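Working notes, beginning with the structure itself.
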Protein chains: 2
Amino acid sequence: MSRSAAAPARRTPVYDRIMEAAVDLFAEKGFDATSVAEIVERAAVTKGALYHYFASKDDLLFEIYHRLIGAQLSDLDRITSLGLPPDETLRALIADLIASTTGNLREAAVFGRESHKLDAAHSSAVRADRRRYHDAVRTLVERAQQDGTFARTAPAETVTLIIFGMINQMPKWYRPDGPKAPAELATELADFVLAGLRP
Amino acid sequence: MSRSAAAPARRTPVYDRIMEAAVDLFAEKGFDATSVAEIVERAAVTKGALYHYFASKDDLLFEIYHRLIGAQLSDLDRITSLGLPPDETLRALIADLIASTTGNLREAAVFGRESHKLDAAHSSAVRADRRRYHDAVRTLVERAQQDGTFARTAPAETVTLIIFGMINQMPKWYRPDGPKAPAELATELADFVLAGLRP
DNA sequence: GACCCGAGACCGACCAGTCGGTATCGCCGG
DNA sequence: CCGGCGATACCGACTGGTCGGTCTCGGGTC
């Protein structure tokens with residue numbers, strides 16, 4: 001416990017291989033069902049190497065979330081800063097979220113399934129990040145409803161829940177070799193949501 | 001192995017207490033993180049009693065799914081047999097699914113999180129049941145789109161994914177002591193979906 | 001020759017499931 | 001109405017094995 005507070009976390013080939021193996025296995029069998037021995041075996045390293053880079057097995061899990069959410073949040077900032085009208089912003093956010101989810105399917109699957117395994121400190125950090133994205137979408141819809149751009153078909157909060165609902169479930173059914181490309185799905189979801197919001 | 005093939009499964013107070021404890025713990029900490037010792041402790045029974053009623057820890061998990069899905073499927077049959085017009089049928093299905101999800105929140109949470117832990121036989125049984133509900137909704141939307149009752153804003157499959165997306169995510173955010181009653185949420189979701197489908 | 005990366009044997013805790021056993025009850029012949 | 005017998009309900013110590021994490025040490029690099 002007192003030996004290393006947070007571990008190096010520098011990106012090296014060994015670090016990357018461990019991460020890769022962990023994401024694979026967590027996505028495939030779940031966090032608890034995956035042993036550290038399996039991770040090091042698939043990564044072709046030893047326990048010593050793993051515990052050199054990561055403080056614990058849980059730390060590995062947190063790093064996976066952190067990477068995924070970090071990328072999504074920087075996309076959010078990029079998109080909102082473009083100053084597009086609400087419908088185009090919403091479309092862009094949906095497209096980005098779907099691209100990010102399908103492009104990081106394993107990470108998204110692990111996140112959806114195991115997010116409650118984080119300890120209190122990490123958990124609240126992750127929740128705060130998630131909430132930032134959620135609130136951004138809700139506020140966007142809310143404001144557009146206030147100025148009449150969007151209809152008040154349903155409360156902004158519910159619309160947000162519908163959007164994230166579909167996206168967050170994607171790891172459960174989406175397959176890269178399936179019939180529809182992510183961009184198609186994004187267009188369909190955006191079309192449907194904007195149709196429901198049309199004044 | 002040869003001693004008991006499937007166990008009695010009769011409902012007794014002991015059986016019910018074990019089920020209750022297992023659902024609680026699986027929902028709270030996850031299936032793998034819950035030990036059989038914890039279940040029997042919370043249920044105030046012994047290991048012997050648990051293995052008298054259930055073939056294995058996995059069997060407990062399957063029974064939880066089975067109960068939930070069984071109830072939902074019989075609701076599905078009841079509703080479709082009423083012969084209501086598509087919009088009212090869809091509204092009734094959404095309301096029922098939301099009522100069932102919020103009324104069995106822990107079971108729904110366990111299902112959403114741990115459904116991949118089932119072995120091949122149980123897993124395909126559960127998947128088939130789930131698909132039956134999914135297909136019923138998709139077919140309903142599809143037919144109504146063909147005869148012009150619903151608009152072709154998005155493919156029926158995508159609309160179905162949107163509906164189940166929000167509902168299946170509910171265990172992640174819905175709290176019984178929250179501001180909105182299940183019936184309200186059902187109305188809002190149905191209003192939004194039907195608005196998007198209006199010709 | 002100091003330092004960091006990585007190796008892998010090792011530890012105590014814990015786990016799912018087993019098994020030999022006891023207690024309780026319904027039923028049936030006399 | 002009774003005695004006994006088979007079946008069901010339940011008990012809990014025990015086992016073989018796995019787990020996350022630690023620790024000591026080798027070897028390459030500056």
Side-chain angles (χ1 to χ4, degrees), chain A residues 1-26 28-64 110 114 116-119 122, chain B residues 1-26 28-64 110 114 116-119 122:
Chain A
M1 237 306 167
S2 58
R3 196 174 58 110
S4 67
R10 299 284 299 280
R11 305 295 158 84
T12 70
V14 170
Y15 177 97
D16 288 339
R17 285 214 309 279
I18 293 170
M19 266 292 219
E20 189 68 14
V23 171
D24 268 359
L25 288 163
F26 292 166
E28 191 186 317
K29 338 183 359 171
F31 177 75
D32 288 319
T34 300
S35 71
V36 173
E38 286 173 301
I39 297 170
V40 302
E41 190 191 343
R42 177 168 309 204
V45 299
T46 60
K47 273 193 171 189
L50 191 151
Y51 281 95
H52 177 74
Y53 287 102
F54 301 94
S56 65
K57 192 186 170 190
D58 298 70
D59 189 33
L60 221 28
L61 193 56
F62 177 71
E63 286 302 322
I64 292 171
V110 173
E114 326 270 5
H116 64 114
K117 299 245 159 71
L118 254 21
D119 58 78
H122 284 156
Chain B
M1 235 306 167
S2 58
R3 197 174 58 112
S4 67
R10 298 285 299 278
R11 304 295 157 85
T12 70
V14 170
Y15 177 98
D16 288 340
R17 285 215 308 281
I18 293 170
M19 266 292 217
E20 189 68 14
V23 170
D24 268 358
L25 288 164
F26 291 166
E28 191 186 317
K29 338 183 0 173
F31 177 75
D32 288 320
T34 300
S35 72
V36 172
E38 286 173 302
I39 298 170
V40 302
E41 189 190 345
R42 174 165 313 201
V45 300
T46 61
K47 266 193 173 193
L50 190 149
Y51 281 96
H52 177 72
Y53 287 104
F54 300 94
S56 64
K57 192 184 169 190
D58 298 71
D59 188 35
L60 219 30
L61 193 57
F62 177 71
E63 286 302 323
I64 292 171
V110 173
E114 326 270 5
H116 63 112
K117 298 242 161 72
L118 254 22
D119 58 77
H122 284 157

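Quick note on labels: first sequence line is chain A, next is B, and so on, each numbered from 1. In this text the structure is predicted, and so the values were computed from the model without any measurement.
Rounded to whole angstrom, the span from the CD atom of B:E41 across to the P atom of D:dC11 amounts to 14 Å. Here C:dA16 presents its P atom at 15 Å from CD1 of B:I18, a figure rounded to the nearest Å. Distance B:F54 CZ to D:dC10 P: 11 Å, rounded to the nearest Å. Here C:dA16 presents its P atom at 13 Å from CG of B:L61, a figure rounded to the nearest Å. Atom-to-atom, CG of A:L50 to P of D:dG21 comes out at 9 Å; the value is rounded to the nearest Å. Between the C1' atom of D:dA9 and the CG atom of B:D16 lies a distance of 15 Å, rounded to the nearest Å. Computed from coordinates, the B:Y51 OH to C:dT18 P distance equals 7 Å when rounded to whole Å.
In summary, the side chains of A:T12 and A:Y53 do present a donor paired with an acceptor at a separation below 3.5 Å, with no hydrogens or angles considered.
Sorted pairs that involve residues 49-58 of chain A and meet salt bridge (charged side-chain N to carboxylate O under 4.0 Å, His left out), not counting sequence neighbours, are lacking altogether.
Taken to the nearest 0.5 Å, the CZ atom of A:F62 stands 12.5 Å off from the CG atom of A:L60. Atom CE of A:M19 sits about 9.5 Å away from atom CZ of A:F26, to the nearest 0.5 Å.
Considering only side-chain atoms of A:V45, the nucleotide from C:dA7, D:dG21, C:dG17 that sits closest is C:dA7. Of the listed nucleotides (D:dG21, D:dC11, C:dG8), D:dG21 has the atom at the smallest distance from the side chain of A:D58.
For the residue pair B:E28 and B:R42, the shortest heavy atom distance occurs at OE1-NH2, 3.8 Å.
A:Y53 has a side-chain polar atom (N or O) that falls below the 4.0 Å cut-off from OP1 or OP2 of C:dG6. Within the structure, every side-chain polar atom (N or O) of B:H52 is placed at least 4.0 Å from both OP1 and OP2 of D:dC10.
In this structure, the side chain to side chain contact (heavy atoms under 4.5 Å, CB included) partners of B:T46, at least two apart in sequence or on a different chain, are B:A49.
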Whether each nucleotide of nucleotides 10-15 of chain C has a protein heavy atom under 4.0 Å at its base (B), only at its sugar-phosphate (S) or at neither (-) is summarised, 5' to 3', as -----S
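Ion pairing of A:E114 with A:K117 is present here, as a side-chain N (NZ or NE/NH1/NH2) and a carboxylate O approach within less than 4.0 Å.
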